[in-house]
Protein chains: 2
Amino acid sequence: MPLLTQLQTAGLRATPKRIAIGGLLFDGVDRHVTADDVADMARKAGIKVSLATVYNTLNQFVAAGILKRIILDTDRTYFDTNVSDHHHLFYETSGDLLDVPGDSLRIEGLPAAPEGARVRAVEVVIRMSGTPVSIGSTAG
Amino acid sequence: MPLLTQLQTAGLRATPKRIAIGGLLFDGVDRHVTADDVADMARKAGIKVSLATVYNTLNQFVAAGILKRIILDTDRTYFDTNVSDHHHLFYETSGDLLDVPGDSLRIEGLPAAPEGARVRAVEVVIRMSGTPVSIGSTAG
DNA sequence: AATTATTTTAGAACAATTCTACACTGGGCT
DNA sequence: AGCCCAGTGTAGAATTGTTCTAAAATAATT
């Protein structure tokens, strides 16, 4: 699903800034970025974009469902280009963040949603100390 | 384990402010509070304490292991008087937060910690939309 | 081209938290 | 008792990530 289609589906015009920022983020690699990271990436790529636009764009991408907001830290907001259901391994000392595929964890005993409520997401954060190692295949 | 003992064990003097704030928090009920909540509780209880002291004290309590910081939201930090391993049911619309006992969920498939790293915590947040079931409706 | 809606922007505003730098306390000492 | 002085408490300033504002730029529509 190309970016242009995603934007249109979400009712967002395919503007140069959105295409540029989208191009930085959606290149097939799963990324975890902050707004500042994106501003830096843009600057290095020679894309002139204000920080306000970076925030606007990231928020629009989240609303459009092509980017996911992850909350790990009160200091900064991370955005994840992997929008599938999955979990995170967070190295608190280094700040490194690794995806854990959603189907690699099974969670048993989840309470049933009461009437009038709905489970929007079940998010698991595995908080680690020490240094990350490149993990091999997790979910076989 | 009385508060006074906890404080001493942590190398914190049992000062009036700490005893007062601790008294508000540790009354046998599990509480989820923000720094602002604590400041309000103190004001209502006639305890004169600055917001800076509230923050200092909460952070000291966390360092002492008698309070737990929970991250659910980038806007505010919640503190949990339940320091045992457990999880959370978070109603995003209302902000209501319920504890889910640690032993009520079983999580299978957790990756093994690589050498040099250690799992510090596994935190599950069940994000809900809609309204929470009135468990012990705390209207008031 | 004129008109209108949307997007982009710089900088101000905001809110939660931390920092700073000084005032205060209270327990240990003589 | 009174004097220390490290630890504590405080007001207000500073910091920081994010959002808001209001105006300029751009794109779509007529």
Side-chain angles (χ1 to χ4, degrees), chain A residues 3-4 6-24 32-43 45-64 66-80 95 97, chain B residues 3-4 6-24 32-43 45-64 66-80 95 97:
Chain A
L3 179 60
L4 294 181
Q6 302 258 44
L7 291 177
Q8 279 167 355
T9 305
L12 292 172
R13 276 202 209 146
T15 67
K17 297 292 157 75
R18 288 187 187 135
I19 293 166
I21 293 175
L24 291 173
H32 303 110
V33 296
T34 65
D36 247 32
D37 291 340
V38 175
D40 279 356
M41 289 162 72
R43 197 166 25 69
I47 300 163
K48 191 174 162 301
V49 66
S50 76
L51 188 56
T53 297
V54 170
Y55 274 104
N56 288 342
T57 304
L58 293 177
N59 286 335
Q60 288 155 357
F61 283 4
V62 170
I66 61 179
L67 196 61
K68 199 174 183 180
R69 189 188 304 274
I70 14 181
I71 297 176
L72 293 165
D73 200 312
T74 28
D75 288 353
R76 65 194 117 265
T77 299
Y78 291 87
F79 295 89
D80 192 340
L97 183 55
Chain B
L3 180 60
L4 294 181
Q6 302 259 43
L7 291 176
Q8 280 166 356
T9 305
L12 293 172
R13 273 204 213 145
T15 67
K17 297 294 156 76
R18 288 187 188 134
I19 293 166
I21 293 175
L24 292 173
H32 302 111
V33 296
T34 65
D36 247 32
D37 291 341
V38 175
D40 279 356
M41 289 161 73
R43 196 165 25 71
I47 299 162
K48 192 174 160 300
V49 66
S50 75
L51 188 55
T53 297
V54 170
Y55 274 104
N56 288 341
T57 304
L58 293 177
N59 286 335
Q60 288 155 357
F61 284 4
V62 170
I66 61 180
L67 197 60
K68 199 173 182 179
R69 189 188 303 274
I70 10 181
I71 296 175
L72 292 166
D73 200 310
T74 27
D75 289 353
R76 64 194 116 266
T77 299
Y78 291 87
F79 295 90
D80 193 338
L97 184 55

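Worth knowing before you read on, the calculation uses all heavy atoms, side chains too, and leaves out hydrogens, waters and symmetry mates. The chains referred to below are lettered A, B, ... by the order of the sequence lines, with proteins before strands, and numbering in each begins at 1.
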Quiz prompt | Integer-rounded Å distance: C/dA16 P and B/Leu72 CG | solution = 16 Å
Quiz item: Is there a side-chain contact between B/Ile70 and B/Phe79 (heavy atoms, below 4.5 Å)?
Solution: no
Exercise. Report the distance from atom CG of B/Leu4 to atom P of C/dG27, rounded to the nearest whole Å.
Key: 12 Å
Self-check item: Close side-chain approach of B/Ile66 to B/Leu3, heavy-atom, < 4.5 Å
Solution: yes
Self-check item: Side chain to side chain, B/Ile19 and B/Thr15, heavy atoms closer than 4.5 Å
Solution: no
Exercise. Between protein and nucleotides 11-20 of chain D, map the contacts as a letter string: B base, S sugar-phosphate only, - none, heavy atoms under 4.0 Å, written 5' to 3'.
Key: B-----SBBB
Quiz item: Heavy-atom distance under 4.5 Å between the side chains of B/Asp36 and B/Leu51, does that happen here?
Solution: yes
Practice problem: Side-chain contact test, heavy atoms from C-beta onward, threshold under 4.5 Å: evaluate it for B/Leu72 versus A/Ile71 and give yes or no. | Solution: no
Quiz item: Do you know the tightest heavy-atom contact between B/Arg13 and B/Arg18?
Solution: O-NH1, 2.9 Å
Practice problem: May I ask you to test the B/Asp37-B/Thr34 pair for a side-chain heavy-atom distance under 4.5 Å? | Solution: yes
Quiz item: Rounded to the nearest Å, what distance is computed from the CG atom of residue B/Leu58 to the P atom of nucleotide C/dA16?
Solution: 15 Å
Quiz item: Hey, can you pull the residues of residues 12-22 of chain B with a non-hydrogen atom under 4.0 angstrom from DNA chain D?
Solution: B/Arg13, B/Thr15, B/Lys17, B/Arg18
Quiz item: Distance from A/Thr74 atom OG1 to B/Arg69 atom CZ, nearest 0.5 Å?
Solution: 6.5 Å
